[in-house]
Amino acid sequence: MIPVIRPWLGEEEAEAAADVVRSGWVAQGPRVASFEAAFADAFGAAHGVAVSSCTTALHLALHLLGIGPGDEVVVPSFSFIATANAARYVGATPVFADVDPMTGNLTPDTISAVVTPRTAAVVGVHQGGVPFDVDALEALCSRKDLALVHDSACAVGSTYRGVPVSAGASLAAWSFHPRKLLTTGEGGMLTTSNADWAARLRRLREHGMSVSAADRHASGGVKLEEYEEVGFNFRMTDIQAAIGLVQLAKLPEVIARRRELADRYHKMLAEIDGLRWVADPEYGTTNYQSFWVVLPDSYEGTVVDVLGALMSRGVSARRGIMASHLEPAYSWVDLPVTERLTKRSLILPLFHQMTESEQDTVVTELAEILR
Ligand SMILES: *Cc1c(COP(=O)(O)O)cnc(C)c1O
């Protein structure tokens with residue numbers, strides 16, 4: 001069976017994790033601090049604050065901004081459900097905006113269509129690794145006095161106008177789940193350009209402690225912490241961070257290989273009439289975290305039909321990006337582009353170790369199914 005994705009993990013990650021275990025300090029400590037610094041440095045951020053997942057990163061970002069009951073947060077429905085859930089965690093109302101059919105991302109027009117006097121923030125998603133138009137969304141948000149949070153869960157290694165996506169962002173949330181390109185098992189990061197925010201985020205992720213457990217340990221003396229506000233336990237462990245440091249060093253190679261395989265897909269898929277596939281927008285590059293295709297209009301079957309047929313031929317694909325507003329947890333609104341993309345797209349296998357012959361199989365089988 002050709003999997004849809006396979007994390008690229010090896011002996012180096014195993015050794016790094018074992019070293020942490022042998023050191024006797026496994027909770028948030030020096031490796032988390034090193035991983036935060038290396039990650040921030042690699043992606044053009046002033047500060048990195050590691051957390052337990054991208055979901056907790058998004059929750060913390062909205063909490064930090066003071067968003068709560070009575071506030072509306074504009075999010076794409078066309079995203080993993082955690083994006084919308086984050087607004088719910090702080091008691092705010094997620095308001096779904098539609099997306100651009102080519103990128104799958106929010107645009108100034110789709111956001112403007114749903115902004116109200118209660119809108120407090122926008123969570124823009126670089127969906128599947130395809131960057132949204134950062135300058136355009138920033139301009140709109142500053143004009144309307146809205147906070148802009150980047151959901152960069154999928155976008156590690158993507159670029160926007162020649163720099164890493166979300167470089168210099170006031171708040172960006174990242175994921176290290178194995179379905180993403182850099183994994184620590186579970187894990188996430190908030191990057192921010194604001195030093196005061198970084199300091200407060202560090203306290204908030206650790207129960208609101210004024211001095212972290214790791215710093216108290218390292219001080220060698222007696223140091224008592226204070227709890228100035230209610231925080232959370234959203235910490236990452238040093239075991240995860242050690243794995244993350246190894247993964248970070250491998251990332252450029254991962255991105256290069258994914259883009260090479262994606263180019264091959266583009267060339268081969270061009271032979272299937274009416275099929276459309278994800279590609280770079282004019283202002284940036286995607287890391288191809290999800291290589292999605294939209295089925296030809298002429299194909300009368302459903303995505304589930306295609307997924308089933310691929311499965312029986314040894315190819316494990318996935319449905320396309322979900323639409324949160326179609327799930328029972330969220331009320332129904334009218335988002336024609338989102339619905340079309342969700343209902344007519346699927347994600348094809350793409351992983352670092354994928355061979356060209358595996359890729360040929362995927363395309364051959366897909367072409368036959370759609371014929
Ligand atoms: C995966 C994902 C998340 C959640 O990330 P976790 O680290 O699993 O919590 C949030 N938003 C988007 C767009 C994602 O793809």
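All ligand and atom numbering here is 1-based and tracks the order in the structure.
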With a cut-off of 6.0 Å (strictly less than), are more than 12 heavy atoms of other residues, nucleotides or ligands near CZ of R118? no

Under the side-chain hydrogen bond (donor to acceptor under 3.5 Å, both in side chains) criterion, do T302 and D305 qualify, and how do the steps go? CA-CA 5 Å; T302 65; D305 296 335; 3.3 Å; yes

Exactly one candidate in F132, Y283, F43 meets ring pair (Phe, Tyr, Trp, His ring centres under 6.0 Å) with Y160; the answer is Y283

If you compare all heavy atoms of Q240 against all heavy atoms of T184, which two are closest, and at what distance to 0.1 Å? O-CG2, 3.3 Å

Under 3.5 Å, N/O to N/O: give me all the pairs between ligand 1 and the protein, one per line with atom names and distance.
residue	atom	partner	partner atom	Å
ligand 1	5 (O)	S175	OG	3.4
ligand 1	7 (O)	C54	N	2.9
ligand 1	7 (O)	S175	OG	2.7
ligand 1	9 (O)	C54	N	3.4
ligand 1	9 (O)	T55	N	2.9
ligand 1	9 (O)	T55	OG1	2.5
ligand 1	11 (N)	D151	OD1	3.3
ligand 1	11 (N)	D151	OD2	2.8
ligand 1	15 (O)	K180	NZ	3.0

Ion pair check, D360 and R264, cut-off under 4.0 Å: yes

According to side-chain contact (heavy atoms from CB on, under 4.5 Å), who are the partners of A169, at least two apart in sequence or on a separate chain? H150, S166, A172

